[in-house]
A.B. asks: 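The following block contains the structure, expressed as C-alpha cells.
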Number of protein chains: 2
Amino acid sequence: MERFDYDARVNIGEIAKRAGVSRSTVSYALTGRRPVSPETKQRIQAVIDELGYRPNAAARALKEGRTRTIGLVIPPASTRLTDMQLGFVASVVDAAARADLDVLLSPSGGEHDRSFERVVTGQRVDGVIVMEIRLEDDRVARLMASGLPFVGIGRTRDPQGMSWVDIDYETLIARCVHHLADLGHRDVALVNRSAELVAAGYGPGHRARAGFDRAVAERGLRGVAVCCADDAQAGQACTESLLAEHPELTAIATVNEAAAAGVYHALARTGREVPRDFSIVGVAARHWAENLHPPLTAADVPAVELGAQAVDLLLGRIADPAAPHRHLLVAPPISLRATTGPARR
Amino acid sequence: MERFDYDARVNIGEIAKRAGVSRSTVSYALTGRRPVSPETKQRIQAVIDELGYRPNAAARALKEGRTRTIGLVIPPASTRLTDMQLGFVASVVDAAARADLDVLLSPSGGEHDRSFERVVTGQRVDGVIVMEIRLEDDRVARLMASGLPFVGIGRTRDPQGMSWVDIDYETLIARCVHHLADLGHRDVALVNRSAELVAAGYGPGHRARAGFDRAVAERGLRGVAVCCADDAQAGQACTESLLAEHPELTAIATVNEAAAAGVYHALARTGREVPRDFSIVGVAARHWAENLHPPLTAADVPAVELGAQAVDLLLGRIADPAAPHRHLLVAPPISLRATTGPARR
DNA sequence: TCCCTCGGTCGAACCGATTCGACGAATCGG
DNA sequence: CCGATTCGTCGAATCGGTTCGACCGAGGGA
C-alpha cells in the first residue's frame with residue numbers, strides 16, 4: 001500500500017538533512033543541552049518552521065524515560081461527577097497545563113480497571129493524582145507497590161506513606177452543627193453521601209458522620225444521620241421520609257451538594273419555609289451553593305486551590321521521589337448565605 | 001549514580017531471557033500476530049505474571065505508529081464547564097475506556113494553546129474530539145491541515161470537510177417558542193449564552209438566536225433577545241433588567257442552563273410565580289433541569305449519547321481516514337416539567 | 001521417496017528521538 | 001610557541017518494543 005507524500009511525517013533526520021547537519025546537532029539545538037553556533041541554530045530553526053516539525057512524543061518518552069504526562073484517576077462517568085469533583089478536574093488540568101504537562105484521564109472503579117492498570121503500569125505517565133479515595137483503597141495500594149509518584153485528593157484511613165490534599169469534613173460538619181446549635185436548634189439531621197459510598201468506605205462520608213456525632217454529643221443535641229444518593233430526586237425522597245419520621249427536626253447539615261436541591265423541594269412541599277421554619281447548612285463548592293435558591297449557607301470548598309496544590313505536590317514527588325511526604329488539610333470557613341436562621345420556638 | 005534493583009523496570013528482553021526464548025517470540029505470544037506453541041506461551045505468561053511485566057507504551061507507540069490514545073479538547077477551566085459539557089467529557093471518557101483507549105485532555109483557548117499544539121502535532125494521539133466549536137474555528141483549520149482524524153462536538157458554519165455531532169439549537173429554540181405561543185404567550189424573551197461567546201462566533205448562540213427570530217416571526221410574537229454570562233448571578237441580573245425594561249414579558253426561552261437558577265431568583269424577587277405568572281422553557285442537560293426548583297421544562301440534551309457517538313465516529317475515521325465524513329444532528333423532544341403554563345390574560 | 005507447506009522460533013532491522021565519546025579548530029595562559 | 005581547554009559538531013549506541021526474512025523439522029500429497 002503506497003503512502004502519499006503529504007502523509008509522510010517529518011522526523012529529526014529530515015530536518016538534519018535539509019539543514020546540512022547531523023541529527024544530534026538538531027537535537028542539541030532543540031534542547032540546548034550542548035552549545036550550537038548561532039548560524040547553525042538559525043538554519044535549523046528555519047527548516048523546522050518551514051516543515052512544521054515537532055519531535056515525536058513517543059520517541060522522546062522512550063529515550064528520556066519520562067512522558068511529561070500525568071494521570072488523573074477519576075470516578076467512572078456512571079457515578080455522576082459532583083460540581084466539586086468537576087472543580088478538581090478542571091483545576092488539575094489547568095495547573096498541569098501551566099507546567100507544560102498533559103493530563104491522561106482514567107476512570108477507575110467498576111468496569112474500568114483496565115484503564116487504571118494501563119495508566120499505572122504502562123509507563124504512560126510520570127505520576128498520578130487519584131480522586132475519591134476510600135479509607136481502604138486498593139488503588140492506593142497498587143500505586144504504592146508500583147513506586148509511581150502519586151498524590152491523593154482525599155486520603156486513606158492511615159495516610160502515612162502518601163502525599164495528599166483533603167477537605168477536613170469532620171471539622172467542617174462539626175462546625176456546621178455548632179453553628180446550628182448556636183442558633184438554638186436542638187434537633188438536627190445529617191444528610192450524608194450515598195449508602196453505597198459509605199459502605200464502600202468512602203472517607204468523607206465516614207468523617208462527616210464522625211464530626212456530626214461528636215458535635216451533637218458536645219452540644220447535647222438530638223441528631224439523626226441518613227445516607228442519600230447524589231442527586232436531587234434522592235435528596236427529596238430522603239428528606240421527605242426523614243421529616244415524616246422526625247417531625248421535630250428544625251435543621252439539616254449536609255455534605256451532599258448534589259442532593260441539596262432535593263432537600264429544598266422536600267421542605268417546600270411539606271410547607272416549611274427556609275430559613276424561617278427550617279435551617280440548612282452544608283459543605284459545597286461555592287458555585288453550587290450560590291446557584292441554589294435561596295443560596296446555601298455552606299463551607300466553600302476551595303477546589304481550585306486544592307487541585308493546584310495536588311499538582312504541586314506531585315511535581316515535587318516526581319522531581320524527588322525520596323523526599324518526605326507532604327499533605328494539606330483544609331477547613332474553609334462557613335459562608336453565611338440565606339439558609340440558616342434562629343430555631344423557631 | 002547506581003540504580004537499585006527494585007527500581008529496574010522489566011522489559012521484554014528480561015522476560016525473554018527468563019522464559020528461554022527470543023524477544024520476538026515474547027512479542028508474538030503477547031500480540032498473537034504469529035502462532036506460538038501452547039507450552040511456550042504458557043511459560044512466557046508465567047514469567048510475565050511473576051514479574052508483573054507490562055509493555056512500555058512509548059516503545060510500542062513508537063514502533064506501531066499509533067498511541068491508542070485520543071485527545072479531548074475542552075474549553076479552559078477558567079470558563080467553567082457547564083453541566084452539559086461535563087456530560088460530554090464524562091461520556092467520551094467512558095466510551096473511550098470501553099474501546100480500550102486512553103483520553104488526553106487539552107484545555108484550549110486563551111493561554112493554553114501550547115497544550116493544544118502538543119496534542120495535535122506531537123503524534124501523541126491517534127485522533128481528537130473537539131468541544132465548543134465556533135462558526136469559524138482555527139483549531140478546526142489546524143486539525144484539517146494536520147491531517148489528524150478528528151470529530152467535532154459542535155460544528156463550524158460550513159462543516160463540509162469534517163465529521164461532527166451537534167445539538168440542533170435552532171430547531172430546539174424554535175420549538176420552545178412555538179410551545180410558548182401555543183400556550184398563549186405573546187411577549188417572549190430569549191436568554192442566550194454570554195455576549196463574549198456570541199461575539200466570538202460560538203455556534204449555539206448564533207443558531208439559538210436564528211431559531212428564536214424565525215419562530216417569533218412565524219407566530220407573529222414580540223420577541224427580545226439578550227445575552228447572559230454562564231452563572232446564576234448573571235442570570236439574575238440579566239433577567240431583572242430584562243423585566244424592568246420589558247414588563248410585558250410573560251415567558252422566557254433559554255439555552256443558558258447555568259443562568260437558569262438566576263432567572264428563577266429574579267422572577268421570585270419581582271413577585272412572579274412560575275408557572276402561574278410566568279413561563280420558562282429551555283435546552284439543558286436532564287440532570288440540571290431536574291435539579292432546578294421547580295424542575296425546568298426543557299429539551300433534554302442526550303449528552304451521553306452524543307459523546308459516545310463522537311467516539312464512534314472518531315474510531316471510524318482513525319480506521320479509515322479516507323471514508324466519507326458523517327455527522328449527527330439531534331433535536332430531542334421537550335420534556336414537560338413544571339415551568340410552563342398558559343399565559344395570564 | 002521427494003518436495004512443498006506450514007507451524008514455531010530466531011536474529012536483525014527499525015521506529016525517532018537523546019546522549020556519550022571523540023575529534024578538529026579556535027582560544028587561552030604561561 | 002606549545003599544551004590544555006573550550007566550542008561546535010559528528011557518528012554510533014541506546015531506549016523497548018514490533019516485524020520481516022529466514023530457518024528447521026514435521027506432516028501431507030503425488
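Below, read A as the first sequence line, B as the second, and so on, with proteins coming before strands; counting in each chain starts at 1.
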A.B. asks: Any salt bridge linking Glu50(A) with Arg43(A)? Criterion: basic side-chain nitrogen under 4.0 Å from a carboxylate oxygen.
C.D. replies: no
A.B. asks: Minimum heavy-atom separation for Ile133(B) and Gly154(B), please, with both atom names.
C.D. replies: CD1-O, 3.6 Å
A.B. asks: Please determine whether a side-chain nitrogen of the Lys or Arg among Arg68(B) and Asp102(B) lies less than 4.0 Å from a carboxylate oxygen of the Asp or Glu.
C.D. replies: no
A.B. asks: Give me the residues of residues 44-68 of chain A where at least one heavy atom lies under 4.0 Å from an atom of DNA chain D, by number, or none.
C.D. replies: Leu62(A), Lys63(A)
A.B. asks: Kindly say whether Glu39(A) contributes a backbone atom to a donor-acceptor pair with the side chain of Gln42(A) at under 3.5 angstrom?
C.D. replies: no
A.B. asks: So how far is it from Arg317(B) CZ to Arg326(B) CZ, rounded to the nearest 0.5 Å?
C.D. replies: 10.0 Å
A.B. asks: Select one nucleotide: of dG7(C), dG11(C), dT18(C), the one nearest the side-chain heavy atoms of Pro35(B).
C.D. replies: dG7(C)
A.B. asks: Would the distance check show the side chain of Asp138(B) and the main-chain N or O of Ala141(B) forming a donor-acceptor pair, the cut-off being under 3.5 Å?
C.D. replies: no
A.B. asks: Between Thr40(B) and dT9(C), is there a side-chain N or O to OP1/OP2 distance below 4.0 Å?
C.D. replies: yes
A.B. asks: Within the structure shown, what part of the strands sits under 4.0 Å from Arg34(B) by heavy-atom distance: base, sugar-phosphate, or nothing?
C.D. replies: base
A.B. asks: Hey, is the main chain of Val125(B) close enough, under 3.5 Å, to the side chain of Thr69(B) for a donor-acceptor pair?
C.D. replies: no
A.B. asks: Between the side-chain atoms of Ser22(A) and the base atoms of dG11(D), is any donor-acceptor pair under 3.5 Å?
C.D. replies: no
A.B. asks: Does Tyr28(B) make a side-chain donor-acceptor contact with the base of dC20(D), cut-off 3.5 Å?
C.D. replies: yes
A.B. asks: Heavy atoms from C-beta onward define the side chain here; which of dG11(C), dG16(D), dT18(D) lies closest to that of Asn11(B)?
C.D. replies: dG16(D)
A.B. asks: Rounded to whole Å, how long is the line connecting atom CD of Glu39(A) with atom P of dG8(D)?
C.D. replies: 9 Å
A.B. asks: Between Thr25(A) and dC10(D), is there a side-chain N or O to OP1/OP2 distance below 4.0 Å?
C.D. replies: yes
A.B. asks: Report the distance from atom CD1 of Ile15(A) to atom C1' of dT18(C), rounded to the nearest whole Å.
C.D. replies: 16 Å
A.B. asks: To the nearest angstrom, how far is Arg23(B) atom CZ from dA12(C) atom P?
C.D. replies: 11 Å
A.B. asks: Contact class for Ser37(B) (heavy atom, under 4.0 Å): base, sugar-phosphate, or nothing?
C.D. replies: sugar-phosphate
A.B. asks: Using whole Å, report how far CD1 of Ile12(A) lies from P of dT9(D).
C.D. replies: 14 Å
A.B. asks: Just name whichever nucleotide pairs with dG30(C), Watson-Crick or G-U, keeping both distances under 3.5 Å, else none.
C.D. replies: dC1(D)
A.B. asks: Arg33(B) side chain N/O closer than 4.0 Å to the phosphate oxygens (OP1, OP2) of dT19(D)?
C.D. replies: yes
